[in-house]
Q: 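The structure is given below, and queries will be raised subsequently.
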Amino acid sequence: MAELKLCLRQDNTETTITVNQDEFTIGRLPECDLYLPSGGVSRYHARFLRTGAGIWTIEDMGSKNGTRLNESPVTTPQPVHQGDVIWLGDISLVVLLVDSPQPQITELEPLAKGTTIFRNVKELQQQWIQADDWGNDVSNKEKAIARLKDLVEIAKGLSAAESIEEIFSQVQEVVFRYLKSIERLALLVDVSGSGKLELLNAATINLSQQPELAESESWISRSICQKVFADKVAIQTADAQMDSRFEGEQSILIKGIRTAIAVPLWDENKVVGVLYADAQLSSSHWSSAGEEDLSFFSTLANLVASTVQRWLLTQKLKNEEAIRHRLERYHSPAVVQQMISVGVLQDGRLPPTEREISILFADIVGFTALSERLTPAQIAKLLNGLFEEMLQEVFAFGGTLDKYIGDCIMAFFGAPEPQADHADRAVAAAKGMLARLEHLNANKTLLEPLQLRIAINSGKAVIGDVGSSQRVDYTALGATINLASRMEAICPPGGCVLSEATYAILAQKQGLEEMGEYRFKGIDRPILVYQTK
């Protein structure tokens, strides 16, 4: 029957606790078998139980912060095995079963400070490629030759890889074959180019932990990765817990990271990411012969960097094309090109911004009666033909299509790019729409002769992408828009009305006349309205 011992890691120290009873409680209260006075630990947090078959299990006792077994939440009693890590808040316990054949952490000898290697990546790659550095050991030469062959093969495969999954799959196979001292592997990439590393893929030799590993990056040492990324250095440590250079690095201490290796994805022009691997057991192999593994890992990362760089460029082109396609529904091509070139987009979105704009509503006169006479297919054809023609006038004056609301066109001027003359543009577009429609009716281009009512108002509005993660609309919001939509009702058929706010800022007031003051729902004062002659 296995005897249970627990290796407690807290405050950069390790303490071994021997469990002498079949039930062993852990919590913040002194009466618990293991007293842990920490803010992240509940009064009665968890307990170990030995079953009748001699199997040890861990059970959460309704703790506030929960109990995790190898990063998985413990919701029911779970059996524990040699080397498992139990997390209670920010405190970890490593399971040691005395009769287990696997190595016990408490019996490992402390490793010297020199077990951590910092190297310039370019020097490492040159060093590993030179055969003289392999020494006279035939086995070392054979191993190096085998690795070179693998690198040649992986270079061929990477050149054809089109996805991150394909890239990582090839890297994972080679890494786990040669670097026996690691348990987990991760690929982190600066996707946005902002210096922020994102976890794109991960793998572990323990397949049962694979789903959780890929979903969360909490197990990765950000301290090591950021230094590798920022300083363009390769880092390898045989026991980070025993190295004074990592003192104060909480991500290393809390996560119990011992063996770790990280190299930049660098193609001699730019660092695009980090290839990271680690284990929770220290490696005596790396304390004496780790330089060769670090050099190999760095050379491999160099091959991966070029492929990742190509993938990033492909993604950027795809994203820009998708963004361009979406934006061209709202903006003229010239505006779209300017928006992309100056980089006003954030994560493919236009952030909501307050702007001074002129909003235009154009509505078909008598559309309800028209719908009674025509079939749905005829209505759709009629609207498509009209909208296509009217949008040309909106785009001609630098306007933006907000949306189609049934038979109504909603457009605005003055955003996303500021336009000091947005009111003049809106009025000019309205006149152009009325003139174009008159021409279409004269030539009987449409299924039916149509008339429009157009209303324009100016003022402040919030402009930007609004919606959920599933659907986003680029739109204008605010009281300015509400008034313009209500003004349509007083517009004569085939005419255009505009508010006093729009009239006041027009540079060209010719061809306009005063209609009088009107009251509108939701507006507490009369509005002076003008119309085109």
Side-chain angles (χ1 to χ4, degrees), residues 117-131 133 143-179 182 184-203 214 217 220 224-236 260-278 291-321:
I117 304 171
F118 288 77
R119 289 289 184 271
N120 175 280
V121 289
K122 190 170 185 178
E123 293 175 359
L124 271 176
Q125 292 161 13
Q126 292 298 323
Q127 173 185 320
W128 190 76
I129 292 172
Q130 294 172 359
D133 292 336
K143 181 171 67 175
I145 292 172
R147 289 183 176 185
L148 274 175
K149 290 180 179 178
D150 272 329
L151 288 176
V152 171
E153 290 302 314
I154 199 172
K156 293 179 182 178
L158 287 172
S159 64
E162 296 183 355
S163 68
I164 282 294
E165 290 73 22
E166 289 181 76
I167 295 170
F168 188 77
S169 176
Q170 296 183 49
V171 174
Q172 171 189 340
E173 181 182 351
V174 173
V175 169
F176 284 143
R177 185 189 312 161
Y178 286 116
L179 306 184
I182 68 167
R184 303 176 295 195
L185 177 69
L187 175 64
L188 299 97
V189 175
D190 179 15
V191 177
S192 64
S194 62
K196 180 181 179 182
L197 293 172
E198 298 178 32
L199 175 63
L200 295 193
N201 218 320
E217 56 183 270
I220 297 171
I224 292 177
C225 289
Q226 281 303 135
K227 184 169 184 61
V228 167
F229 182 76
D231 297 348
K232 202 186 296 183
V233 297
I235 295 179
Q236 175 184 294
I261 183 170
V263 294
L265 300 180
W266 175 59
D267 63 358
E268 297 191 11
N269 293 311
K270 182 181 179 182
V271 178
V272 295
V274 172
L275 195 60
Y276 172 88
D278 71 12
E291 188 109 19
E292 182 183 340
D293 287 344
L294 183 61
S295 298
F296 171 74
F297 201 58
S298 183
T299 305
L300 175 62
N302 186 254
L303 294 176
V304 175
S306 299
T307 306
V308 169
Q309 185 81 289
R310 188 181 72 245
W311 176 82
L312 286 172
L313 179 59
T314 302
Q315 294 303 113
K316 180 181 179 182
L317 294 175
K318 287 181 179 178
N319 290 340
E320 283 191 0
E321 184 62 30

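The figures here come from the full heavy-atom set of this structure, side chains too, leaving out hydrogens, waters and symmetry mates.
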Q: Minimum heavy-atom separation for Trp266 and Ala305, please, with both atom names.
A: N-CB, 3.3 Å
Q: Do you know which two heavy atoms are closest between Leu199 and Ala186, and how far apart they sit?
A: CD1-CB, 3.8 Å
Q: Do Phe168 and Leu200 touch side chain to side chain, with heavy atoms closer than 4.5 Å?
A: no
Q: For Ala234 and Val263, which heavy atoms make the closest approach, and how far apart are they?
A: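 So the two residues come closest at CB-CG1, 3.6 Å.
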Q: Can you see which heavy atom on Cys225 is nearest to which on Val274, and at what distance?
A: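 Smallest interatomic distance, heavy atoms only, reads O-CG2, 3.7 Å.
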Q: Any idea which heavy atoms bring Leu197 and Gln226 closest together, and the distance?
A: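 Residues Leu197 and Gln226, closest heavy atoms: CD1-OE1, 3.7 Å.
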Q: Run Leu187 and Leu265 through side chain to side chain contact (heavy atoms under 4.5 Å, CB included) and show every step you take.
A: CA-CA 9 Å; Leu187 175 64; Leu265 300 180; 3.5 Å; yes
Q: Measure from the side-chain N and O atoms of Asp190 to the backbone N and O of Val272, and report whether any donor-acceptor pair falls under 3.5 Å.
A: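 No; judged by distance alone, with no hydrogens or angles, the pair does not exist.
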Q: What's the separation between atom CD in Gln170 and atom OG1 in Thr307, rounded to the nearest 0.5 Å?
A: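 Gln170 atom CD to Thr307 atom OG1 measures 8.0 Å (nearest 0.5 Å).
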Q: Using salt bridge (charged side-chain N to carboxylate O under 4.0 Å, His left out) as the criterion, list what pairs up with Glu198, not counting sequence neighbours.
A: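 Testing Glu198 for salt bridge (charged side-chain N to carboxylate O under 4.0 Å, His left out), a comparison that skips the adjacent residues, returns none.
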Q: Identify, with sequence neighbours excluded, every residue that meets side chain to side chain contact (heavy atoms under 4.5 Å, CB included) alongside Val175.
A: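 Partners of Val175 by the side chain to side chain contact (heavy atoms under 4.5 Å, CB included) criterion, ordered by chain and then number, come out as Val171, Leu179, Ile182, Leu185, Phe297, Leu300.
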Q: Which heavy atom in Pro264 sits nearest to a heavy atom in Val228, and how many Å separate them?
A: N-CG1, 3.3 Å
